[in-house]
2 protein chains.
Amino acid sequence: MTTITDVARAAGVSTATVSRVINNTGKVNELLAERVRGVIDELGYQPSRLARSLRTRRSRTWAVIISDIRNPFFTDMIRGIEDVAYKNNYAVVLCNAEEDDSKVASYIHLALSEHMSGLVVTPTYTHRIDLSPVLEEEVPLVMVDRKVEGYDFDSVLVDNVWGAEEAVEHLIEGGYRRIATIGGPVETTTGYERLLGYKKALQVHGIDIEEQFVRISTFREKGGYEEMRFLINLEQRPDAVFVANNLMTIGALRALHEANVAVPDEIAIIGFDDMSWSSLLRPPLTAVAQPTYELGAETAKLLLSRIDGYTGPGRQVVLSPTLMVRESSKPKLKSR
Amino acid sequence: MTTITDVARAAGVSTATVSRVINNTGKVNELLAERVRGVIDELGYQPSRLARSLRTRRSRTWAVIISDIRNPFFTDMIRGIEDVAYKNNYAVVLCNAEEDDSKVASYIHLALSEHMSGLVVTPTYTHRIDLSPVLEEEVPLVMVDRKVEGYDFDSVLVDNVWGAEEAVEHLIEGGYRRIATIGGPVETTTGYERLLGYKKALQVHGIDIEEQFVRISTFREKGGYEEMRFLINLEQRPDAVFVANNLMTIGALRALHEANVAVPDEIAIIGFDDMSWSSLLRPPLTAVAQPTYELGAETAKLLLSRIDGYTGPGRQVVLSPTLMVRESSKPKLKSR
DNA sequence: CTGTTAGCGCGTTCAT
DNA sequence: ATGAACGCGCTAACAG
């Protein structure tokens with residue numbers, strides 16, 4: 001491994017000069033600089049990121065801590081972040097927290113310990129997460145998708161209330177009245193807000209909320225499966241279900257198929273999160289599509305501006321989802 | 001940020017002693033050690049990974065360079081790697097190469113530059129990738145899913161030939177004879193081997209291979225879509241298609257749906273890679289299921305053994321896929 | 001403009 | 001058994 005000292009010796013200059021050439025800092029005689037660059041090429045020298053980070057206390061890397069790598073929502077979002085990062089010469093490392101708070105904490109520690117210059121976090125739960133080290137080290141951090149209460153970081157969010165409301169509204173307009181929901185943990189902003197939107201739509205239309213119809217679970221496939229089974233087994237089944245994320249929707253659909261419940265004739269379904277294969281499901285799935293790529297890109301832009309020195313109160317970017325209407329929520333046949 | 005010097009001062013010892021206590025290296029008076037540990041707890045001291053890595057030339061981190069973060073196959077595999085890594089106290093960072101060789105190279109450089117102690121790579125293409133720096137630095141590397149010719153690294157693979165052969169065989173047994181394939185780049189081992197399995201099955205049964213029926217594309221959804229459109233528009237359509245990965249299968253199904261081609265009545269479909277929602281598609285998709293989690297776990301084990309000092313020629317672990325038979329490949333109705 | 005010097009936070013000799 | 005001193009590779013401060 002060739003070091004800056006090797007380069008300096010070969011070029012007959014000091015390491016300081018080499019450093020200045022590499023970083024375009026300070027003034028260097030163009031002739032000398034040219035010679036140094038020649039040697040660098042010749043030796044294939046590449047600065048050690050480690051030593052550099054140790055010295056400058058900043059590494060040109062962002063850590064993106066996501067709560068579930070298997071969720072396509074996050075992987076799409078990551079693409080948005082990466083594109084902006086690469087354009088600005090940052091490397092991105094992904095950390096998979098598996099919806100586990102302690103893993104989030106340990107990855108945050110990792111990122112700070114490696115002096116990474118930016119942090120993107122999709123929080124798992126709103127409590128129980130201590131971000132004070134991030135504040136102490138003054139490392140820019142942006143939250144995506146979810147927020148953590150009690151901190152004033154920049155955040156990029158989706159209008160979950162509105163998205164959920166639109167979905168349920170669409171069901172009501174289609175003639176459905178016994179509408180259930182399978183929601184995520186209310187300790188997450190996404191879980192809480194989507195539930196809120198569900199309730200709001202029902203209230204606006206003067207439909208009572210049946211307690212049995214509000215099923216709270218994890219955001220995992222298994223939860224969706226189990227809660228849908230519960231709903232199917234009710235004496236008075238719902239005639240439609242709004243499911244608050246993609247993985248739970250898969251579980252819910254599996255339960256319906258297994259029990260031979262016809263969709264949408266017996267129970268209509270709307271999911272949150274559109275996926276490339278939503279239209280290939282039986283029946284094609286109506287879903288609230290989130291602007292995943294843009295979510296990531298906006299996040300990266302906020303992060304960049306913080307790294308570039310912007311200080312000021314936390315900013316919130318809220319993007320709107322879109323309802324993709326397909327057959328799983330087809331209006332009921334009714335005399336009009 | 002508290003450093004080892006702070007701890008040493010507070011405990012009234014030298015930094016060398018603190019270092020010895022932390023790393024269990026050398027002999028330290030138990031009483032002293034206890035005192036040092038007390039101070040460490042009190043101050044909440046955590047060693048700087050950066051300084052440590054710079055000094056030891058090894059970081060307790062693995063880099064996993066995957067070729068497409070949006071492919072569920074890879075994200076499932078990652079879980080297998082992570083579980084083993086965490087148990088052995090390694091952190092895992094993910095690098096998304098987007099099927100782009102130059103990104104692979106730059107991430108490899110990043111990993112070496114940060115002195116990471118292990119590397120997992122899912123190569124994009126078999127040529128054009130220079131792994132000599134990895135050999136020079138003697139950093140353990142394991143290949144998963146695909147191989148790069150000309151190197152002798154450990155690798156964990158799936159028996160692609162057999163998987164593809166099983167799939168096509170199943171179609172033949174079902175009475176299909178005009179069987180096409182949509183394959184991936186033959187420069188990848190996965191692309192090449194799955195194509196081989198396809199051809200082998202046909203040959204064994206004495207079925208001629210029609211040149212038009214062998215469609216080679218990228219492993220992306222778009223490629224699957226376009227090639228399926230081509231097949232649909234042929235005067236003499238195939239009656240079955242074997243699609244060589246999950247994303248292309250989605251594209252292929254979309255093309256079929258758009259063109260209102262009945263599956264499997266007009267064209268039967270088998271995909272490679274099973275997904276949690278394969279059974280929810282219309283019709284439920286027959287697919288070659290890969291043991292994704294095990295693939296990751298095996299990879300991690302090989303890596304660990306290398307890190308722990310195993311030297312010796314490259315080892316190959318080959319896992320078998322399983323054909324999940326569903327309706328998209330239903331046998332043709334025939335008089336028997 | 002260029003070089004010398006110091007030190008980021010550690011682990012590791014080499015004395016004692 | 002313990003501490004002093006050094007250096008990993010780099011950038012920043014200070015001279016000249």
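Here is the naming used below: chain letters follow the sequence lines, and residue numbers restart at 1 for every chain. For the numbers below, each heavy atom of this structure counts, side chains included, while hydrogens, waters and symmetry mates do not.
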Of all residues at least two apart in sequence or in a different chain, which pass the salt bridge (Lys or Arg N to Asp or Glu O under 4.0 Å) check with A:Asp6? A:Arg9

Tell me whether the guanidinium CZ or amine NZ of A:Arg79 lies under 6.0 angstrom from the six-membered ring centre of A:Tyr293 and within 45° of its axis. no

Can you measure B:Arg9 atom CZ to C:dC10 atom P for me and round it to whole angstrom units? 13 Å

For B:Ser305, the side-chain contact (heavy atoms from CB on, under 4.5 Å) test, sequence neighbours excluded, returns B:Tyr310, B:Arg315

Starting at CZ of A:Arg58 and ending at C1' of C:dC8, how long is that distance when rounded to a whole Å? 13 Å

Salt bridge or not for A:Arg37 and A:Asp41, using N-O below 4.0 Å? no

Given D:dT2, is OP1 or OP2 found less than 4.0 Å from the side-chain N or O atoms of B:Ser14? no

Nucleic acid footprint by protein, nucleotides 8-16 of chain D - heavy-atom cut-off 4.0 Å, B for base, S for sugar-phosphate alone: BBBBBB---

Under the criterion side chain to side chain contact (heavy atoms under 4.5 Å, CB included), which of A:Ile69, A:Ile66, A:Val64 is the partner of B:Leu94? A:Ile69

